[in-house]
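Notes follow the structure.
Below, each value reflects all heavy atoms present in this structure, side chains not excepted, and no hydrogens, waters or symmetry copies. From a predicted model like this one, the values you see are computed outputs, not experimental measurements. Numbers here simply count residues along the sequence, with the first being 1.
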Amino acid sequence: MSNNSETFTNVFLNESIELIKKLDVASIEALAQGLGALRNKGGRLFILGVGGSAGHAGHAVNDFRKICGLESYAPTDNVSELTARVNDEGWDSCFSEWLKVSRIGSNDGVLVFSVGGGNLEKKVSVNLVEALKTSKEAKAKIFGIVGKDGGYTKQVSDACVVIPVVSTDRITPHTEGFCAVVWHLLVSHPALKKTITKWESVK
């Protein structure tokens, strides 16, 4: 049993190494510069994610606010409003209607965390697609960290990092895992970072 476990661990870690080598550095730099420009003009960042990516969104909101001084919000952080909207209006519009109440505008941006990026034809993460349509109508900037082919997010984004597929059996764990790696890279990037993090400040 332990040998099988060690073998799988080697496989997973080797896939991770391969994935890092395949990451598109230029797209990460474009995302860092785009988010930096958004912050510098006083725009707000709305971070959207479903499932594990919703957890990522709340964590990233903290990092972008505290480390980068970028005003950020996630609709999934308010479970009362989110579930009320899902219950009363439906899942598909829960993010888009939240963005409308937030008065999303041309100075603002949306950052999507998603394994597939949203796909209207396959009816997967339709609420992300509808939110991005609302964002486009408002002329907001659209950013993404997504997997697979990038989906609708990649199609409409101003800057988007696509996490490469290195194993069709492990698209979700690699995408969600490296989404966290990329956003931590971003909040550490000179184009964004403003505040030293706690443990780095402790001598």
Side-chain angles (χ1 to χ4, degrees), residues 24 26-28 30-39 41-61 64 70-78 81-86 88-165 171-172 175-176 178-180 182-183 186 192:
D24 180 14
S27 68
I28 299 174
L31 189 48
Q33 297 301 328
L35 291 169
L38 181 77
R39 188 264 316 276
K41 72 177 182 180
R44 300 169 298 167
L45 180 65
F46 301 111
I47 306 179
L48 310 179
V50 177
S53 296
H56 277 352
H59 183 161
V61 161
F64 281 110
L70 173 52
E71 186 179 352
S72 305
Y73 304 94
T76 43
D77 281 348
N78 185 339
E81 181 181 356
L82 178 68
T83 53
R85 290 191 179 283
V86 172
D88 299 346
E89 303 157 12
W91 176 250
D92 292 356
S93 65
C94 65
F95 287 168
S96 58
E97 292 302 313
W98 183 90
L99 287 170
K100 290 174 186 175
V101 172
S102 297
R103 300 182 305 281
I104 187 170
S106 57
N107 282 334
D108 301 319
V110 170
L111 173 59
V112 172
F113 295 159
S114 175
V115 174
N119 188 305
L120 200 56
E121 293 74 27
K122 295 181 180 178
K123 298 182 179 177
V124 180
S125 299
V126 174
N127 58 346
L128 294 178
V129 175
E130 294 301 325
L132 292 177
K133 288 180 179 177
T134 296
S135 303
K136 287 289 283 185
E137 289 169 6
K139 296 182 169 49
K141 293 292 184 184
I142 294 175
F143 308 106
I145 305 174
V146 296
K148 291 178 67 67
D149 61 0
Y152 187 75
T153 302
K154 177 71 165 66
Q155 292 172 28
V156 300
S157 67
D158 294 283
C160 186
V161 177
V162 178
I163 305 299
V165 175
I171 294 171
T172 298
T175 300
E176 292 188 344
F178 276 90
C179 173
V182 171
W183 105 60
L186 291 169
L192 281 162

Of all residues at least two apart in sequence or in a different chain, which pass the side-chain contact (heavy atoms from CB on, under 4.5 Å) check with D24? A26, S27
Between K133 and E137, does any NZ, NE, NH1 or NH2 come within less than 4.0 Å of an OD or OE carboxylate oxygen? no
So, do I145 and F178 sit near enough that their side-chain heavy atoms are less than 4.5 Å apart? no
Is there a donor-acceptor contact under 3.5 Å from the side chain of D158 to the main chain of I142? yes
Answer yes or no: is there a side-chain heavy-atom contact under 4.5 Å between L120 and E130? yes
Polar side-chain atom of T153 near backbone of G117 as donor-acceptor pair, under 3.5 Å: yes
Would you confirm whether S96, through its side chain, and S93, through its main-chain N or O, come within 3.5 Å as a donor-acceptor pair? yes
Are any of the side-chain heavy atoms of Y73 and S102 separated by less than 4.5 Å? no
Measuring from D92:CG to K123:NZ, what's the distance to the nearest 0.5 Å? 9.5 Å
In this structure, are over 12 heavy atoms from other groups packed under 6.0 Å from K41 atom NZ? yes
Measuring from F143:CZ to L38:CG, what's the distance to the nearest 0.5 Å? 5.5 Å
Measuring from atom SG of C160 to atom CD1 of I28, what distance do you get when rounded to the nearest 0.5 angstrom? 11.0 Å
Identify the heavy atoms of G49 and A57 that sit nearest to each other, and give their distance. N-CB, 4.4 Å
Nearest-0.5 Å distance, CD1 of residue I47 to NE2 of residue H56: 11.5 Å
Hey, does S53 have a side-chain heavy atom less than 4.5 Å from the side chain of E176? yes
Between L48 and P75, is any pair of side-chain heavy atoms under 4.5 Å apart? yes
Hey, is the main chain of L70 close enough, under 3.5 Å, to the side chain of S72 for a donor-acceptor pair? yes
Only one of N127, T134, V129 passes side-chain contact (heavy atoms from CB on, under 4.5 Å) with F95, and that residue is N127
Given side-chain contact (heavy atoms from CB on, under 4.5 Å), test C94 with L82 step by step and report yes or no. CA-CA 7 Å; C94 65; L82 178 68; 4.0 Å; yes
So which atom in S135 and which in I104 form the shortest heavy-atom distance, rounded to 0.1 Å? OG-CD1, 3.7 Å
About how many Å separate CD1 of I163 and CD1 of I171, when rounded to the nearest 0.5 Å? 12.5 Å
Run the numbers on E97 and D88 for side-chain contact (heavy atoms from CB on, under 4.5 Å), then give the verdict. CA-CA 12 Å; E97 292 302 313; D88 299 346; over 6 Å; no
Mind telling me whether W183 and F113 have parallel, tilted or perpendicular rings, with 30° and 60° as the class edges? parallel
Looking only at atom types and distance, does a side-chain atom of D108 sit under 3.5 Å from a main-chain N or O of G105, one as donor and one as acceptor? yes
